[in-house]
Amino acid sequence: MFRLAIKNVRHNPRRLILTAIAVALGVALVSATHIFTGALSSGFNALFNDIYDSVDVIVEPDPDAEDLPLGTSALHDEDVDAVRGVDGVATAEGSLTFQMGVLLDADGGAPGGGQGGPPSLVISWSGDADLDGATLVDGAGPSAPGEAVIDVDSFESRKLAIGDTVGYASEVGVTELTITGTVKFGDNNNTQGATLLWAPIDTVRTIAAVDGFDSIQVLVADGADPNAVAEGIAPVLPDATRAITAEDKVKEQVEQFDQALTYVNIFTLVFALIALFVGAYIIVNTFRIIVTQRTRELGLLRAIGMKGSQVRNMILVEAVVIGFVAATLGILMGWVLALGLTALIEVGAGDLFGPTTIPPDALIWGYGLGMVVTLVAALQPAIHAARIAPMEALRESGTASRKPLKTRNIVGGAMGLIGAVLFVIGLVAGLPNPAVYVGLGAVLLILGATLLAAQVLVPLAYGLRGVLSRVFGIDGKLASNNIRREPRRSANTAAALMIGVTLLAIISTFTASLKSTINDAFGSSEADMYAIALSTFIPQGAVDIISETEGVEWAGREAQGVVTYDGDDQNLWIMDSDVLGGVYGDQAGDRDLSELGDGVWATPVFLGEDLAVGDEITLDGAASTQTLEITGVAGDAIGAPLVVNWPTGEELIGQLQIVQVSIAVEDGYEVADVQTAIMDALATEYPLVDVQTADQTAQFAKGIIDIFLNIITVMLAAALIIAVLGVANTLLLSVTERTREIGLLRAVGLRRSSVWRMITLESVVMALFGTVLGMILGVSIGSALVISLEDQGITGFSIPWFSLIIYTVIAIIAGIVAAIWPAFRASRLDILKAIAADG
Amino acid sequence: MTTVTPDSATLQIAASMRGGYKDYGFGDAAVRALNGINVDIARGEFTAIMGPSGSGKSTLLHTLAGLDRLTAGESSIAGQVITSLNEAQVTQVRRDNIGFVFQAFNLIPSLNGRENITLPIDIAGTKLDKDWFDEIIGILGLGDRLTHLPAELSGGQQQRVAVARALVSRPEIIFADEPSGNLDSKSGAELLGFMRRAVKEFGQTIVMVTHDPTAASYSDRILFLEDGVIVDEMREPTAERVLDRMKQMGH
C-alpha cells in the first residue's frame, strides 16, 4: 500500500506541483526565519565571547536590583581595593563604559542621522590588554585627558589619521577626542558594526557625568578557580552589586539575546501558519478533485478487495509523501532566502552573522508543519475516498455526488454567528484577556464566512450570468455555469484568497484610522514644534538654548521614570504641566493639565476600585519617597498610569531624562524661521537634538505606520501568493476534469480564444469574489476594532478607500495571471483526443 | 421463473442466488432490474449470462459478485451467504474468493504489468505462487509486457493482463463483464480462448456477461435473461444456436 501510494504520486506528479509549492512557501517562511535568527544568534554569541574572553570575573551592578539615580556610580576606588584584597585575585581594575552617545563624522554630523544602528562606545583604558579586551596596533595608548584610541575597522571606515580630532556627542554636549592610536578588539576586531573608543578614566567620567566605575574587571591567579574567587569577592562588595564569572556572564547574555530572537520567530511563525492555513484550502481542493478523477481507479481497487480504510490510508500516505517532499523543498528555499537576506544586511551593516546553517529547529518545524498540514488537509477527501462504492468502477461516466449545501450553510452560519458574538463580547464586555475572545471570534467569523461563501456564490454566479453573457457572450455564460456547477470548490478557492485579503483589510483599516488619529492629534495641539533626541535623551542644556531662542513662546519638557507603589514598579510621566495643557487637551485627563499642581494624577486602571481623587498615595522613587494627593484622573493618552509635574518628579527621581520637548512659537514669528534658529543654536553643542514642526513629526509618525503596514503586507504576501496559486490550481484540475467537455465545445465550434476567455473569466470572478468578500469582512472587523479602541485614544476612524481600490485592481490582475497556464492548456487540447479521453 | 440446476455430475456450487430482486430509483422512475432470480453456478464451469440491453444481466453479475446489494433475496459465494454481511465483510469475501475482469479500465494506471497482476495478492498480503505466476504469464504470452505501464499496452494486452490478475490468486470464481467487448475479433478470440483453457485445464470457474453470440459460444452453459428473469438455458452452445435463440428475445 505504501508502494502503491508512492507510485500514485510519481505517476502523475504534475497535478500535485501546485500543492507542493503552497506547502513549500509556508515552510520556507518558517525555516528562513529560524535560519536567520540562528545565524544572528551565533554571530552575537561570538561577540559576547569576545567581550568577556580575556577576563575571569566581572563585578557589576546587580541587574535585579533597583536602578541607581542618574549621575551616581555603583562602584568606587575603595571597592576596587577591597576586591584586590580577596584571595585568588591577581589583578583588579575599575572600568567605566559609556554607550549613550554617537561618534560624529568629520563635518560634525551623526552618521546615519544617529538613528538606531550600531552604538559608539567609550571605554576606560587600563593599558592591560587582557582587562581592556583590546591590543594596541598602531600609535600609543591614551594617556592625557581628551586622548583616545579607536578600533581598527572604525579607524579605516571613517578615514581617520593618528592625531585627528573627533567629536563624541552625548548628553553633556560634544566632547573632543584626539586619536593617538588604533587597537584590535578581541582576536578579530569583531565589533558587530559598533565603534569602540578607549580613553583615560577621567575623560570617560566627564562624558558619562559620573564619579566612579560601573564595573571591576578581575583576573584570577594561576590555578585559581574563577567560581571560587567570585564567591570570595561577593561579601566585600557594596549593596546592589554582584561578582559573576565571565563564563556565566556570557551565558546570561546569550540567553537574553536568544529570548528576544524567540519573539521574532514567533511573529513569523504566525504568518507562516496563516500561509499554511491558506495552503490547506488548496490541498483540500486538490485532493478532492484528484479523488474524483480517480473514482474509477479507486472503485476498481475496492472491487478487487481493498477495504475502505485501506483506500483512505493510501491517500493519506500520498499526502504525507507530498508533504515531506514539499517541506524539503521549503526548507531549502528558506535557506536560500536567509542567505540572501543576511548577505543583503551585511552589505549595509557589516559582519553581523555567524555561519548560515540550518538549525534543528528549522528542520523540526519545517517538516512537522509541512507534513501535518498536508495530512490534515487531505483527511476529508481521503475519508470521502474510502466511501467510494465498487459500483463506481463500473459506471461509464463518473458523476460527482452533489451533496446539498445545507449542512455547510448551517455549520457556516453557526460559526459565523458565534464568531461575531465572541468578537463583540471581547470588544465591549471588559472581560479579562479580551484579546482571546476577539481573536477567536474573528477566526470563527472568517471560517464561517468561508463556508457560507459557497451558498452566496450560487445566486451570485446566476446573477452574473446576465452580466457576463451580455459583455462576453457565450464565453461568459459558460464561465458562470461552470462556477455555479461546483460552488463548493469555487468558494473554497475564493475563500483562500479571502483570508489573506481580510487580514490585509483589517490592518489597512487600522492603520488608516491610526493615521487619521495622528492628524487629529497634531492638528489640535497648541505646540508648533517638537524636539526629540536621536538615540539619547535631550540634555537640559539643549532645552535652555531652545527656550532662549528668539520667537519661542514656551518649551515644555516631558520625562519618564519609574516609582514603586505598594511593592510594584509603576511607570511615571513627568511634565511641565503649566504649558503642556494645550498640547494634550482633554486627552490628558478630566481637567486641564495646568491644574496638576503638586499632586499626582492617576489613570482609571490604576485607581481601580480602591482609590479615588482626594486619597493619598506613597510613591518610592530613586531619590526620595513622597506622599502625594491624587488631584485628578489621567487620560489614557498620557501613556503611563501616573503623572506628576516637573518639580515633583525631580524630588522623586532626581535627575530626569527628558524624552520630548514641545515648543510653541510666539505670534508674529514664522515657524520655519524659528526652527532654523533653534537648529543653528543647537548645532555646536547638541547636534543630536532634532527639532521638527508638527507637520514633520506627523509625517514621521505616519511614515513609521506605513513601514509597519508594509512589513505586514510582505508577510502576508506568502499567504496571498499561495491563494492565487490555489486559483490556478483549481482551474488546472477542473480543466483536466472537463477535458471531454471542452473537446466537445471545440468540436462544435468554440474558438480557442473563446476557451481562453472562458477560463480567464472563471478565474477573475473567483479572485474578485474572494477579494471583495475579504475586503467587506476585513473592513468590518477592522472598523469594529477601531471603534472599540476609541477610548484608548484612537479617535480617527477612516476607511482606506484608496487601498481597497488598489486591492480590487490587483485581484483582477491576479485572476488573469492565474488563468494563463490553465487557459493555455484548455485552448490547446487536441479535439479528438479530448473527446475520447476517460471522463 | 424456472429454477435452473446443473447436471448431477458436477456436485459443487461456486455461487448461488435465491429469490433475488433488485430495484433502482424511486416513484415514477423506479426500475426493477432483477425480478426473482434463482440460480446456481457450478464449479469448474464456464457460465455465460446473455440478454438484450436492459435485461438485467450486468445487475445479476454485480449482485452475485457482491458489488451491489439485492433489494430482496439471498445470495452466496462458495457456500457463504453474503447478503447478510456488512460492507467490510463483503469486501473480505471478494478479496479472498473473487476475481474480476471488466470491459474497460481494468488496470491501475500507475502500476506496471507485473504489479497490476499481483495487486490482489499485495492487497491481501498473501504470498505469490511463483510457479503459478510464471505459468499464467507463459500461457497468456505476457513475458515481455510485465514492465510496461497500462498506457503502453494495447487493448488486447491490457485485457490479458486483467485476466492474468484474475487468475493468479486462483479465486473461487471469476466474474467477467463483457471482457472482449472492446477488442477486435482476433484479440477477442484469443482472450476467450485463454479463459476457456483456464476453465478446462485448471478447473477455474468463470461467469461471463456478454451480448455477443460468438463470445457466448466459448462457454459451457448459457443463461438467457430477459426483463430481470431467467427465461432459458443452453448447454454446449454454438454461435448459430445462440443467435437463433437471441432472435426470439429483445425489442
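Below, chain A is the first sequence line, B the second, and so on; all start at residue 1.
- E87(B) and R387(A) are not joined by a salt bridge, as no carboxylate oxygen comes within less than 4.0 angstrom of a charged side-chain nitrogen.
- Pairs passing the side-chain hydrogen bond (donor to acceptor under 3.5 Å, both in side chains) check and including a residue from residues 147-166 of chain B, sequence neighbours excluded, read N106(B)-Q159(B), R145(B)-H148(B), S154(B)-Q157(B).
- Residues passing the salt bridge (charged side-chain N to carboxylate O under 4.0 Å, His left out) test with R170(B) are D129(B), sequence neighbours excluded.
- Contact between L107(B) and L300(A) at its shortest, heavy atoms only, is N-CD2, 3.8 Å.
- Distance check, rounded to the nearest 0.5 Å: CG of L149(B) to NZ of K7(A) gives 8.0 Å.
- The number of heavy atoms from other shown groups lying within 6.0 Å of CZ (R828(A)) is above 12.
- Between G305(A) and T91(B), the shortest heavy-atom distance links the atoms O-CG2, 3.4 Å.
- Proximity to chain B involves both the backbone and the side chain of R302(A), based on heavy atoms less than 4.5 angstrom apart.
- In this structure, the separation between CG on L298(A) and CD1 on I108(B) is 7.5 Å, given to the nearest 0.5 Å.
- The heavy-atom pair separating F102(B) from A303(A) by the smallest distance is CZ-CB, 4.1 Å.
- Contacts between L119(B) and chain A at a heavy-atom distance below 4.5 Å involve the side chain alone, from C-beta outward.
- Residue contact with chain A, scored on non-hydrogen atoms closer than 4.5 Å, involves the backbone and the side chain of P109(B) alike.
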